[in-house]
Amino acid sequence: MTEMLTGDHAEVDALFRDLWREFDRGGAHAVFERLDYLWARLAVHVRAEHLHLFPALLAASGRSQGQGKDDAPASGEVRAAVEHLREDHDFFMRELAGAVNAARELAAQDGPPDRERLLHIRGRASAVAERLAEHNRMEEQQVYLWPVALLTESELDTLRGGMKREIENLPPRFSGGAPR
Ligand SMILES: [Fe+2]
Ligand SMILES: [Fe+2]
């Protein structure tokens with residue numbers, strides 16, 4: 001499961017690199033398309049953590065307090081981490097949605113895009129990328145290791161299945177994959 005989630009982080013990182021290249025080219029429509037896709041990819045990842053990973057960790061940490069394996073985190077530690085990660089998720093979704101909308105408006109205008117507005121959109125996306133790097137580090141080095149320490153084999157299977165379904169559940173308009 002760790003590999004699936006870590007691999008998904010790497011895919012989103014690659015989408016950010018494509019996005020920066022698109023900003024350098026300066027076309028508002030292409031920026032909009034890449035931002036929109038990136039937003040959708042990150043949204044399914046966030047939803048998978050939100051709907052499956054966090055509830056499973058919270059439930060298991062409450063249950064196994066004091067009798068877990070040596071490497072199992074204390075329930076207070078799990079709660080604090082989940083709360084922190086959720087706040088990050090809210091920030092990512094809010095800021096990216098704002099950037100997508102601004103890019104959509106810019107792309108709908110005639111003529112060459114306004115440099116200032118494009119830079120402003122880039123700034124919002126780059127604030128997300130910076131906080132996301134720290135967020136992903138915390139997940140990969142800590143939180144993603146917890147399911148194995150806290151859950152039973154069958155709970156792990158259920159969690160894996162739920163996360164995979166969610167991550168693969170992109171809106172149909174993105175079925176063609178990343179914009180070319
Ligand atoms: Fe996350
Ligand atoms: Fe994540």
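Computation of the quantities below employed the complete heavy-atom set of this structure, encompassing side-chain atoms and omitting hydrogens, waters and symmetry-equivalent molecules. Counting starts at 1 for both ligands and their atoms, following the listed order.
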Would you kindly confirm whether Ile121 and Phe16 end up in one hydrophobic cluster when ILVMFWY residues are joined by side chain heavy atoms under 4.5 Å apart? yes
May I ask you to list the protein N, O or S atoms found at less than 2.8 Å from the Fe ion (ligand 1)? Glu49 OE1, His89 NE2, His135 NE2, Glu139 OE2
Quick check, are the ring centers of His135 and Phe91 under 6.0 angstrom apart? no
Which atom pairs, one a donor and one an acceptor, fall under 3.5 Å between side chains of residues 38-45 and the rest of the protein, sequence neighbours left out?
from	atom 1	to	atom 2	distance (Å)
Arg41	NH1	Asp8	OD1	3.4
Arg41	NH2	Asp8	OD1	2.6
Arg41	NH2	Glu11	OE1	2.8
His45	ND1	Asp8	OD2	2.7
His45	NE2	His9	NE2	3.0
His45	NE2	Glu49	OE2	2.7
His45	NE2	Tyr144	OH	3.2

For the CG atom of Leu53 and the CG atom of Leu159, what is their distance to the nearest 0.5 Å? 6.0 Å
With no hydrogens and no angle check, just 3.5 Å: does a side-chain donor-acceptor pair link Glu155 and Thr152? yes
Between Val143 and Phe92, is there a shared hydrophobic cluster once you connect ILVMFWY residues whose side-chain heavy atoms come closer than 4.5 Å? no
